[in-house]
2 protein chains.
Amino acid sequence: MPEATWKVGELAARTGLTVRTLHHYDAIGLLSPSARTGSAHQAGHRLYTAADVARLHQIVCLRQLGFGLEQVREYLSRAGYDPREVVRLHLADVRRRAAELADLGRRLESLDEALDRADAVSPDTFLQTIEAMVMVEKYYTPEQLKRLEERAKEVGPEAIDRAPQQWADLHADVRAAMDAGVDPADPRAQELARRWFDLVSAFTGGDPGIFKSLRTMYENEDTVAGMDVAAMRPMMEYVEKARVAAGIRHPGEN
Amino acid sequence: MPEATWKVGELAARTGLTVRTLHHYDAIGLLSPSARTGSAHQAGHRLYTAADVARLHQIVCLRQLGFGLEQVREYLSRAGYDPREVVRLHLADVRRRAAELADLGRRLESLDEALDRADAVSPDTFLQTIEAMVMVEKYYTPEQLKRLEERAKEVGPEAIDRAPQQWADLHADVRAAMDAGVDPADPRAQELARRWFDLVSAFTGGDPGIFKSLRTMYENEDTVAGMDVAAMRPMMEYVEKARVAAGIRHPGEN
DNA sequence: GTTGAACCTGACGCCGCGTGAGGCGCTACC
DNA sequence: GGTAGCGCCTCACGCGGCGTCAGGTTCAAC
């Protein structure tokens with residue numbers, strides 16, 4: 001009595017796979033049917049025996065656990081792997097990828113929130129927000145970011161909304177002073193340094209670590225949040241001299 | 001005054017990308033350098049201007065958020081996308097993938113635990129455990145699985161360890177009765193039906209839904225946990241007749 | 001002028017199939 | 001016994017984002 005067999009289409013329907021997938025498994029030698037029709041001279045239809053179906057079932061199971069086809073093949077060959085070890089390694093890998101995705105999810109969530117807070121969401125705003133996010137993640141430690149978030153709540157949204165304008169005004173004033181040849185030791189320059197220091201303090205909350213990270217960022221990057229930091233450097237040096245002249249000490253200094 | 005430029009290697013070092021990646025971005029037209037050396041007749045070295053670097057920076061940022069190169073290109077072309085919408089869609093996608101991975105992680109964890117419980121972890125045990133897991137996930141709802149887990153705690157591990165042997169003994173006895181031509185209505189057959197019923201009840205805890213799922217599984221699958229269910233069917237029909245004769249009602253029956 | 005490092009182009013590989021194109025095999029009905 | 005038509009066959013490209021040779025050119029320094 002001839003053995004019961006199935007053709008690709010039937011097997012595909014039963015297992016939920018596609019015919020193409022079965023062809024693929026055959027092509028890579030993972031599961032080749034034990035028989036074929038028309039054994040004469042040409043390639044006949046694939047005929048899968050019960051044993052083939054059983055193997056396919058195992059393949060499907062291992063794939064559902066996220067194993068690659070090559071791993072499935074190795075595993076079904078019984079090449080002396082310790083099942084527990086394999087599962088644990090695989091689990092570790094899955095967890096790592098899950099953690100990465102979770103991380104990405106958190107970034108996207110905070111971006112979403114940041115975009116909700118912004119009034120106009122132009123593509124420019126979008127790109128600048130993203131760049132700022134990437135930047136802060138590059139220079140601030142997670143604890144520092146947590147502190148900055150708390151700090152933002154303390155000072156309130158109005159103060160944050162006012163900040164860009166205050167900075168723009170200050171930049172303009174500093175540039176004017178420099179262009180006018182005002183000496184950094186001049187009281188007017190010292191006043192500008194005080195305003196600068198206050199704005200930075202409003203942001204950092206006086207935290208020395210955050211202050212340091214902020215400075216490192218401005219020293220290493222050429223653009224921050226769409227601003228040309230490189231072009232700001234002379235201004236910063238000028239204000240730095242004025243700060244020393246005014247006797248203002250920044251956080252963490254001595 | 002000629003503009004400041006960077007070569008691929010310098011840019012790669014600064015951005016953390018590889019030279020190949022920059023070549024790729026050039027090849028697909030995502031970021032082509034504004035200038036090249038040796039403008040004569042041959043292909044000279046790529047020279048990236050500050051504007052190119054800025055664009056690259058944006059590309060890197062968008063990629064860190066998990067966007068594909070094609071999406072990045074579309075997005076930088078400003079083809080009228082709503083940033084918030086794009087972010088939300090992308091976030092939804094990321095969450096979906098994270099959920100899938102989490103699901104996979106849970107499956108692997110319970111597999112890990114199951115393997116820890118098993119004494120000998122041969123490849124066969126491994127494959128059977130997996131097949132059983134896939135099977136139960138196919139036939140039982142999550143709530144049913146939770147009940148089964150609680151049920152397993154109630155009866156304790158010793159009872160679970162004893163079950164396979166009890167089933168094997170019962171199968172042998174039933175087969176012997178059938179081979180001996182014992183009528184299903186015979187008291188001896190009815191006694192076998194009672195043993196069968198008790199074993200099933202120990203597993204299902206008398207839950208009608210679980211009972212039904214279990215029966216559906218045995219009706220639709222040809223192999224369960226390495227057992228040849230198809231070959232068991234005559235036995236099951238025999239026991240079913242004996243059950244009716246013994247007046248035992250299964251859960252959910254009227 | 002020569003060396004050596006950095007650059008160039010072109011091409012294949014990966015992973016797990018999807019998606020055709022173009023042509024036989026099998027079955028059922030007339 | 002012919003033929004319609006569906007299911008099967010092989011072959012081959014495509015995807016995403018580069019890694020990784022191979023074999024040649026260009027640049028900067030000495």
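As the structure is a computational prediction, the values presented were derived from the model and not from experiment. Order of the sequence lines fixes the chain letters, A, B, ..., with proteins taken first and strands second; residue numbering starts at 1 for each chain.
By the 4.0 Å N-to-carboxylate-O rule, A:R106 lies too far from A:D112 to be salt-bridged with it.
Between the side chain of A:R233 and the backbone N or O of A:Y218 there is at least one donor-acceptor pair closer than 3.5 Å. With hydrogens and angles disregarded, a donor-acceptor distance shorter than 3.5 Å links the side chain of B:E10 to the backbone of B:K7.
Rounded to a whole Å, the CG atom of B:L30 is 12 Å from the C1' atom of D:dG17. The distance from atom CZ of A:R36 to atom C1' of C:dC26 is 15 Å, rounded to the nearest whole Å.
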Q: Carefully, step by step, assess B:F126 and A:Y75 under the rule ring-ring contact (aromatic ring centres under 6.0 Å, His included).
A: CA-CA 10 Å; B:F126 175 55; A:Y75 219 80; 4.8 Å; yes

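In this structure, A:R63 reaches the C:dG16 phosphate: one of its side-chain N or O atoms is under 4.0 Å from OP1 or OP2. Residue B:Y25 places at least one side-chain N or O closer than 4.0 Å to OP1 or OP2 of D:dC18.
Comparing D:dC8, C:dG18, D:dT10 by their nearest atom to the side chain of A:V19 picks out D:dC8. Distances from the side chain of B:T37 to the nucleotides C:dC26, D:dA12, D:dT26 place D:dT26 closest. Considering only side-chain atoms of B:R46, the nucleotide from C:dG16, C:dC8, C:dT19 that sits closest is C:dC8.
Looking at B:L101 and B:R97, their side chains never come closer than 4.5 Å, going by heavy atoms from C-beta outward.
Toward the 5′ end of DNA chain D lies the nearest nucleotide of A:H23, the other residue of the pair A:R20 and A:H23 mapping further downstream.
Side chain to side chain, B:T216 and B:S213 fail the donor-acceptor criterion of an N or O pair below 3.5 Å.
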Short N/O separations, protein against nucleotides 1-6 of chain C, under 3.5 angstrom:
none

